[in-house]
Protein chains: 2
Amino acid sequence: MGKQETEMLKGTLEGIVLAILASRAAYGYEITAWLREQGFADIAEGTIYALLVRLEQRDLVDVQKVPSEKGPPRKVYSLNAAGRAYLGDFWRTWSFLAERLEQLRTTTITEGE
Amino acid sequence: MGKQETEMLKGTLEGIVLAILASRAAYGYEITAWLREQGFADIAEGTIYALLVRLEQRDLVDVQKVPSEKGPPRKVYSLNAAGRAYLGDFWRTWSFLAERLEQLRTTTITEGE
DNA sequence: TACCAGTACATAGTAGCGCTGAATAGCGCG
DNA sequence: CGCGCTATTCAGCGCTACTATGTACTGGTA
């Protein structure tokens, strides 16, 4: 959709994916499909794969190749200890930001349009 | 501070500044100082000025030069109609994102550390 | 056989945003 | 005069998400 959403996703999309992986192991294609179901209609496939590669390079996730009945083998990602700690940081940062914004919204109620 | 906060601010900082300008006209230095008080300790000054320039170029704000008793003249920004509409879009996008994240947090309570 | 849709991953190139670091400028104070 | 505070500006960098494309494997169908 808009540029606003794209920019706002920077930083948060990583946390979203980490949160998903915290609840269960998953692979790229699956994550993309799930996000689309949740209303993130236009998150590009390539974005998720690139993100997962970054997570792997930073050793926040464990990876396991699993053969698939259809198509090439899946790369199943799961959160490791470092990833869980990093996710904790993410939630703290997010909470801080969300609180400030909620406060701003209630004090400046100018819902345009 | 961390890289996480920096990335998360992308897109949201713009909305924050718009929200501030919705409640009252302000100039760059003032906004920076206010943000620091609110806990955004390490938002660089240059960042705010660059952001204000972008807002001006996109015609979301009105600008007025006001002489200052100390230092060079201030550029006082205020939100115009387009800016208020854009701020409305921002809040909608933010709400969507915040809802998804809140849902994710409650279903995957893995507060690390 | 030939073709296509669906699954699954990968990557080169682009654009946008915030940060770093520095420069410029005006005013008041010791 | 030199220092500190106010106030703005700018070049260059790093990071993330998007676009667009390509690869690879399976099953259905004409």
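Because only heavy atoms are used, hydrogens play no part in the values below, and waters and symmetry mates are left out as well, while side chains stay in.
- The side chain of E45(A) lies closest to dC9(C) when the candidates are dA7(D), dC9(C), dC17(C).
- Backbone-only engagement by G11(A) is indicated by non-hydrogen atom pairs under 4.0 Å involving sugar-phosphate atoms exclusively.
- Between the OH atom of Y77(B) and the C1' atom of dT9(D) there is a distance of 10 Å, rounded to whole Å.
- Set against dA7(D), dC19(C), dA8(C), the side chain of Y27(B) has dA7(D) as its closest nucleotide.
- Atom CZ of R36(A) is separated from atom C1' of dT7(C) by 13 Å (rounded to the nearest Å).
- The side chain of Y49(B) has dA7(D) as its nearest neighbour among dG18(C), dA7(D), dC18(D).
- At least one side-chain heavy atom of I31(B) sits under 4.5 Å from a side-chain heavy atom of L52(B).
- As rounded to whole Å, 15 Å separates atom P of dT11(C) from atom CG of L51(A).
- Taking 4.0 angstrom as the limit, Y29(A) places none of its side-chain polar atoms (N or O) nearer than this to OP1 or OP2 of dC9(C).
- Residues K65(B) and L9(A) each lie close to DNA chain D; by heavy-atom proximity, the contact nearer the 5' end of the strand is made by K65(B).
- Remark: the K10(B) side chain and the dC15(D) base include a donor-acceptor N/O pair separated by less than 3.5 Å.
- Comparing E69(A) and A50(A) along DNA chain D, the residue whose closest nucleotide (by nearest heavy atom) sits nearer the 5' end is A50(A).
- dG16(C) atom P lies 11 Å from atom CD of Q57(B), rounded to whole Å.
- W34(B) places its CH2 atom 20 Å from the C1' atom of dT6(D), with the value rounded to the nearest Å.
- When each of dA25(C), dG18(C), dC25(D) is scored by its nearest atom to the side-chain atoms of P72(B), the top-ranked nucleotide is dA25(C).
- For dT16(D), the OP1/OP2 oxygens have a side-chain nitrogen or oxygen of R54(A) closer than 4.0 Å.
- Between I48(A) atom CD1 and dA17(D) atom P there is a gap of 8 Å when expressed in whole angstrom units.
- In terms of polar N and O atoms assigned as donor or acceptor, the side chain of K70(B) never comes within less than 3.5 Å of the base of dC27(C) in a complementary pairing.
- By the 4.0 Å N-to-carboxylate-O rule, R74(A) lies too far from E30(A) to be salt-bridged with it.
- At the phosphate of dT16(D), OP1 or OP2 sits under 4.0 Å from a side-chain N or O atom of K3(B).
- Contact annotation: the side chain of E56(B) approaches that of K75(B) to within less than 4.5 Å [non-hydrogen atoms, C-beta and beyond].
- Taking only side-chain nitrogens and oxygens, S68(B) never comes nearer than 4.0 Å to OP1 or OP2 of dT6(D).
- Atom CD of E7(B) and atom C1' of dC15(D) are 5 Å apart (whole Å).
- In this structure, the CD atom of Q4(A) is 11 Å from the P atom of dC17(C), given to the nearest Å.
- When only modelled atom types and interatomic distance are considered, S95(A) and R105(B) share a side-chain donor-acceptor pair under 3.5 Å.
- At least one donor-acceptor pair closer than 3.5 Å links the side chain of T107(A) to the backbone N or O of Q103(A).
- Taking side-chain N and O atoms only, K75(B) has a distance below 4.0 Å to OP1 or OP2 of dT9(D).
- R58(A) and E14(A) are joined by a salt bridge, as a carboxylate oxygen and a charged side-chain nitrogen come within less than 4.0 angstrom of each other.
- An OP1 or OP2 oxygen of dA17(D) is reached within less than 4.0 angstrom by no side-chain nitrogen or oxygen of T6(A).
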